[in-house]
Amino acid sequence: MPVPSLPSPSALLPRAVRTAVRRSVSGLPREFWWLWTSTLVNRLGGFVATFMALYLTLERGHSASYAGLVAALHGLGGVISSLVAGVLTDRLGRRPTMLIAQVSTALSVALLGFMTHPVAIAAVAFLVGASMNASRPAVQAMMADIVRPEDRVRAFSLNYWAINLGFAVSAMAAGFIAQYSYLAGFLGEAVMTLTCAILVFVKLPESRPERSAEEQGAEDAVSLGTVLRDGRFMGVVVLSFLAALVFQQGSVGLPVAMGREGFSPADYGLVIAVNGVLIVALQIPVTRFIEHRDAGRLLTISTLLAGYGFGLTAFAGSVGVFALTVCVWTLAEIINAPTQTSLVVRLSPVHGRGRYQGMYTLSWAVAAMVAPLMSGIVLDRWGAAWLWGACAVIGTVAAGGYWLLVRGLGEESRPTPAATGSVPLTPEPAVELTAPKPDGERDALRKLV
């Protein structure tokens with residue numbers, strides 16, 4: 001008698017769900033999925049960003065002020081490396097920049113675990129912040145290179161989903177590791193980051209578009225000054241900073257405000273867990289709904305939701321109500337992240353993507369520095385209600401800015417040289433991925449130096 005075969009796991013899902021999942025992941029190139037995998041592996045090893053404050057105050061016995069100084073230096077490293085990595089991405093290439101950044105991150109994170117002197121810890125934390133942030137412009141530029149324009153919102157959304165999935169898993173695992181050994185956490189992150197670098201080296205060829213002599217001249221004309229003179233793009237960068245300033249309060253202002261109101265760290269952990277669960281559950285289906293809609297409207301709606309989601313926190317008096325406010329601004333985050341990243345690509349010239357992505361990354365790095373200062377000053381002087389009111393105001397201002405700046409931007413439109421002061425934007429060529437060319441990379445390095 002024949003043994004009946006068991007149904008596959010996918011067959012157990014409802015047909016509508018299987019269709020939605022297939023449409024969400026189909027049509028993307030193999031290289032994207034290797035890049036996606038490297039992002040997931042990198043985030044699965046996240047330890048330093050999550051437990052640095054606890055490590056410094058509980059394990060090393062330093063003051064909260066010193067922990068804040070180290071966090072600021074970590075952020076300052078990210079601010080500086082955003083621009084440097086943007087230039088390297090255009091000059092040296094996406095792949096070499098990622099490899100340099102990831103190997104440097106692995107070495108500096110491992111070194112940080114052995115540092116004991118306060119000055120040494122602060123100095124290495126600066127290096128960790130710089131190296132961690134350096135790969136972001138290259139990752140985003142490579143994703144724009146290898147994914148078709150009509151699929152980019154979906155691709156960036158899937159990448160953002162991997163970031164949050166990896167963070168959710170690593171945060172839980174790192175909590176158990178920290179109880180055993182903080183050093184094991186540092187070394188674990190170093191190993192995972194090095195694994196990410198190996199994936200990039202083995203599986204991802206360089207994606208920078210081939211350039212003709214004319215395009216080489218256009219690329220040489222794209223400098224950081226060109227980016228700064230691009231009025232529409234710099235407007236988006238400023239608005240991105242305002243949005244990031246609001247979103248950062250979920251990790252800097254919210255825990256302090258809840259603690260002052262008598263809630264425990266476990267209460268905050270339960271509330272903020274809603275953010276990660278919702279992103280993992282809703283990022284893909286929401287993206288399917290928004291991916292072909294007007295970017296200006298989506299960014300306007302998302303920043304309004306973010307501002308007033310945090311604004312509603314002023315009326316929260318229980319864990320349940322705090323969780324409901326998190327639901328509001330998490331929906332804003334789900335809409336904002338892929339839409340914003342895709343918009344940055346659309347406003348960037350093909351051969352200047354690294355510098356443009358570097359400037360965009362800078363907006364988030366600066367917000368990560370300013371947000372703790374903002375929340376600390378406002379909470380100490382005026383109280384939590386003023387902080388949440390300020391978030392509502394900032395969100396409203398950012399929403400108005402997006403409505404004025406991005407309205408009417410068509411799916412294929414690009415800013416004109418007259419409007420932006422930048423070099424003419426070249427049409428996007430079909431990218432043919434080729435094996436890396438070591439000699440060419442060495443030539444590019446000699447030219448850069």
Side-chain angles (χ1 to χ4, degrees), residues 78-91 94 133 136-145 147 149 152-153 155-156 208-209 215 218-245 247 294-300 302-303 335-367 370 394 397-428:
V79 169
I80 295 173
S81 69
S82 297
L83 299 178
V84 175
V87 174
L88 287 175
T89 297
D90 285 337
R91 290 282 187 89
R94 285 61 158 142
N133 214 46
R136 292 178 184 175
V139 169
Q140 292 167 346
M142 177 175 280
M143 201 167 296
D145 293 338
V147 175
R152 281 181 188 148
V153 170
F156 285 124
R208 185 175 57 177
E215 288 171 336
E219 178 185 343
D220 293 339
V222 178
S223 64
L224 288 177
T226 306
V227 183
L228 292 172
R229 291 191 299 272
D230 190 331
R232 171 178 268 181
F233 179 80
M234 289 307 299
V236 169
V237 169
V238 171
L239 295 174
S240 171
F241 164 75
L242 294 178
L245 202 59
F247 283 121
D294 179 69
R297 292 181 182 178
L298 292 174
L299 292 170
T300 300
S302 66
T303 45
I335 297 171
N336 184 277
T339 307
Q340 177 88 2
T341 310
S342 179
L343 175 64
V344 169
V345 173
R346 289 164 58 189
L347 295 177
S348 307
V350 173
H351 297 294
R353 278 179 179 152
R355 290 174 176 84
Y356 275 70
Q357 290 289 354
M359 187 64 71
Y360 168 63
T361 303
L362 179 67
S363 68
W364 281 85
V366 173
V370 174
I394 294 172
V397 171
Y402 278 121
W403 184 78
L404 292 172
L405 194 65
V406 191
R407 60 178 178 173
L409 183 67
E411 187 65 31
E412 299 300 327
S413 64
R414 298 288 192 276
T416 62
T420 64
S422 64
V423 297
L425 303 182
T426 58
E428 298 195 40

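- Taking each heavy atom of Asp90 and Arg94 in turn, the nearest pair found is OD1-NH1, 3.6 Å.
- Closest approach of Arg152 and Ala144 over heavy atoms only: NH2-O, 3.0 Å.
- A salt bridge is defined here as a Lys NZ or Arg NE, NH1 or NH2 lying under 4.0 Å from an Asp or Glu carboxylate O, and Arg208 with Asp145 fails to meet this definition.
- Taking the side chain to side chain donor-acceptor pair (under 3.5 Å) definition, one finds that Ser82 meets it with Asn133, sequence neighbours left out.
- To the nearest 0.5 Å, atom CE of residue Met234 and atom OH of residue Tyr356 are 10.0 Å apart.
- Heavy-atom minimum distance, Ser302 versus Asn336: OG-ND2, 3.2 Å.
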Legend entry - Test side chain to side chain contact (heavy atoms under 4.5 Å, CB included) applied to Val344 and Met359, step by step: CA-CA 10 Å; Val344 169; Met359 187 64 71; over 6 Å; no
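- When every heavy atom of Ala141 is checked against every heavy atom of Thr89, the shortest pair comes out as CB-CG2, 3.8 Å.
- To the nearest 0.5 Å, the span separating OG1 on Thr341 from CZ on Arg136 amounts to 11.5 Å.
- Using a 4.5 Å heavy-atom cutoff, the side chains of Thr339 and Phe156 are not in contact.
- Nearest heavy-atom pair across Leu298 and Ile335 is O-CG2, 3.8 Å.
- With rounding to the nearest 0.5 angstrom, the CG atom of Leu239 is 12.5 Å from the CD1 atom of Ile394.
- Nearest heavy-atom pair across Gly354 and Pro137 is O-CB, 4.0 Å.
- We find the OG1-CZ distance between Thr303 and Phe247 to be 8.0 Å, quoted to the nearest 0.5 Å.
- In this structure the side chain of Leu242 reaches within 4.5 angstrom of the side chain of Val397, judged on heavy atoms.
- In this structure, CG on Asp230 lies 13.5 Å from CZ on Arg355, to the nearest 0.5 angstrom.
- Applying the side chain to side chain contact (heavy atoms under 4.5 Å, CB included) test to Val370 and every residue at least two apart in sequence or in another chain returns Phe241, Leu245, Val366.
- For the pair Gln140 and Val345, the minimum side-chain heavy-atom distance is 4.5 Å or more.
- Considering only residues two or more places apart in sequence or on other chains, Ser240 meets the side chain to side chain contact (heavy atoms under 4.5 Å, CB included) condition with Gln340, Tyr360, Ser363, Trp364, Tyr402.
- For Ser81, there are no side chain to side chain donor-acceptor pair (under 3.5 Å) partners two or more places apart in sequence or in a different chain.
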